[in-house]
Amino acid sequence: MNKLLLWQKGLVGFAVAVLLFLYLPIVVLVMFSFNDSKVTSFPLSGFTWHWYQRVLANSQMLTALGNSLYVALFATLISVVVGVLAALALHRYDFPGKRLFQNTLILPLSLPGIVTGIAMLNFYKQIGIPQSLGAVIIGHATALMGIVVSQVLARLERLNPRLLEASADLGVRPIATFWMVTLPSIRSSVIGSALLCFTLSFDEIPVTYFLTGRDVTLPIYIYSTLRRGITPEINAIGTMIVAASILIIIFSVRLLRDRNQ
């Protein structure tokens, strides 16, 4: 019994150590964003909002941030719409090459980003799509669609088919059945996959690097400025992104909880 208790305490201590290792850098990032010094080292010299003011006055960084939000929003929208439709087709119909089609949708998730970026760049040049934010949106949507398909398809597999049969027996049209029966049942997987797609698209670098033109996203902008070292403005914009991510997570949890009650 004592050995089991020691093992449990050891596992808890290991889990706490891992969590500290993962999240302590974020805490340090937040601390340095308020540090009244250009040098990112301890001890802290004082508290200041100056670096956040510098971020809001940096037009290039704000433009890059806007580009990232624009790309992530539309890439997520395309991924969710096409991914949900593809998951429904895979769930309801049997057709030649179904397994190959499913594996093809999920394949970009297993490929290195640099390989996906180079492949898309070569293909887009052949069909006449120029390097631009539009190309980045298509590239992100193509690469992230597998997340939506896998999440939604897994939820559809747990859906009670009798609900759909009952809806059909009552004379409800297929579109109305989707909105009133299927969509509420897969809502959590759709929202979860959409948030994951948005997050991955927002901070994606390899595919974006090859497909973007003159308009850079925030990760590309930060990557280019890191050649001069980590600046306090980067710490400030990183803290703002962390705060926004926490708010999005809280909002999504509350939304799902309210609708499930």
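Numbers here simply count residues along the sequence, with the first being 1.
A 4.5 Å side-chain heavy-atom check between V148 and C197 finds at least one atom pair inside the cut-off. Side-chain contact between I129 and F123 is absent, with no heavy-atom pair separated by less than 4.5 Å. No side-chain heavy atom of V71 sits less than 4.5 Å from a side-chain heavy atom of F202. You'll find the side chain of V136 stays beyond 4.5 Å of the side chain of V207, heavy atoms only. S33 places none of its side-chain heavy atoms less than 4.5 Å from the side chain of M31.
Between W51 and F32, the distance from one ring center to the other does not fall under 6.0 angstrom.
Contact detail for A141 and I78: the closest heavy-atom pair is CB-CG2, 3.7 Å. Closest approach of P219 to D203, counting heavy atoms only: CG-CA, 3.6 Å. Of all heavy-atom pairs between L153 and A87, the closest is CD1-O, 3.7 Å. Of all heavy-atom pairs between A72 and S201, the closest is CA-OG, 3.3 Å. Taking all atoms of both residues into account, the shortest heavy-atom contact from M120 to A143 is CE-N, 4.3 Å. Nearest heavy-atom pair, F198 versus L73, reported as atom, atom and distance to 0.1 Å: CE1-N, 3.8 Å.
Here the side chain of E204 pairs a donor or acceptor atom with the backbone of T208 at under 3.5 angstrom. In this structure a side-chain-to-backbone donor-acceptor pair under 3.5 Å is present from Q131 to F210. For the pair S150 (side chain) and I147 (backbone), a donor-acceptor distance under 3.5 Å is present.
Hydrophobic clustering of Ile, Leu, Val, Met, Phe, Trp and Tyr side chains at less than 4.5 Å, counting indirect connections, keeps V16 apart from F21. In terms of hydrophobic clustering, with Ile, Leu, Val, Met, Phe, Trp and Tyr side chains grouped at heavy-atom distances under 4.5 Å, I205 and I114 are assigned to a common cluster. Hydrophobic clustering keeps L29 apart from L22 (ILVMFWY residues linked when any side-chain heavy atoms are closer than 4.5 Å, directly or through intermediates). Following chains of ILVMFWY side-chain contacts shorter than 4.5 Å, one cannot reach V12 starting from V18, and the two form parts of different hydrophobic clusters. Residues L77 and I137 do not share a hydrophobic cluster, clusters being chains of Ile/Leu/Val/Met/Phe/Trp/Tyr side chains in contact below 4.5 Å.
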| query | Where do L218 and N67 land on the side-chain contact (heavy atoms from CB on, under 4.5 Å) test, with the steps shown first? | reply | CA-CA 7 Å; L218 184 62; N67 292 337; over 6 Å; no
| field | side-chain contact (heavy atoms from CB on, under 4.5 Å) between Y23 and I26, intermediate numbers included | value | CA-CA 5 Å; Y23 290 103; I26 299 178; 4.0 Å; yes
| query | Does the side-chain contact (heavy atoms from CB on, under 4.5 Å) test come out yes or no for V152 and V80, once each step is laid out? | reply | CA-CA 10 Å; V152 175; V80 169; over 6 Å; no
| query | Given I220 and T217, is the side-chain contact (heavy atoms from CB on, under 4.5 Å) satisfied, shown in steps? | reply | CA-CA 5 Å; I220 299 298; T217 59; 3.5 Å; yes
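Atoms CG and CD, on L56 and E233 in that order, are 11.0 Å from each other to the nearest 0.5 Å. Note that the CD1 atom of I138 and the CG atom of L133 stand 11.5 Å from one another [nearest 0.5 Å]. A distance of 9.0 Å separates CG in L200 from OG1 in T76, rounded to the nearest 0.5 Å. Note that OG of S193 is 10.5 Å distant from CG of L144, once rounded to the nearest 0.5 Å. In this structure, I222 CD1 and S68 OG are separated by 8.0 Å, a value rounded to the nearest 0.5 Å. R155 contributes atom CZ, which lies 10.5 Å from atom NE2 of H91 (distance to the nearest 0.5 angstrom).
Within a 6.0 Å sphere centred on CD1 of I118, other residues, nucleotides and ligands contribute more than 12 heavy atoms. The number of heavy atoms from other shown groups lying within 6.0 Å of CD (Q60) does not exceed 12. Residue Y52 places its OH atom among more than 12 non-hydrogen atoms of other residues, nucleotides or ligands, all under 6.0 Å distant.
No side-chain donor from either of S79 and H140 sits under 3.5 Å from a side-chain acceptor of the other.
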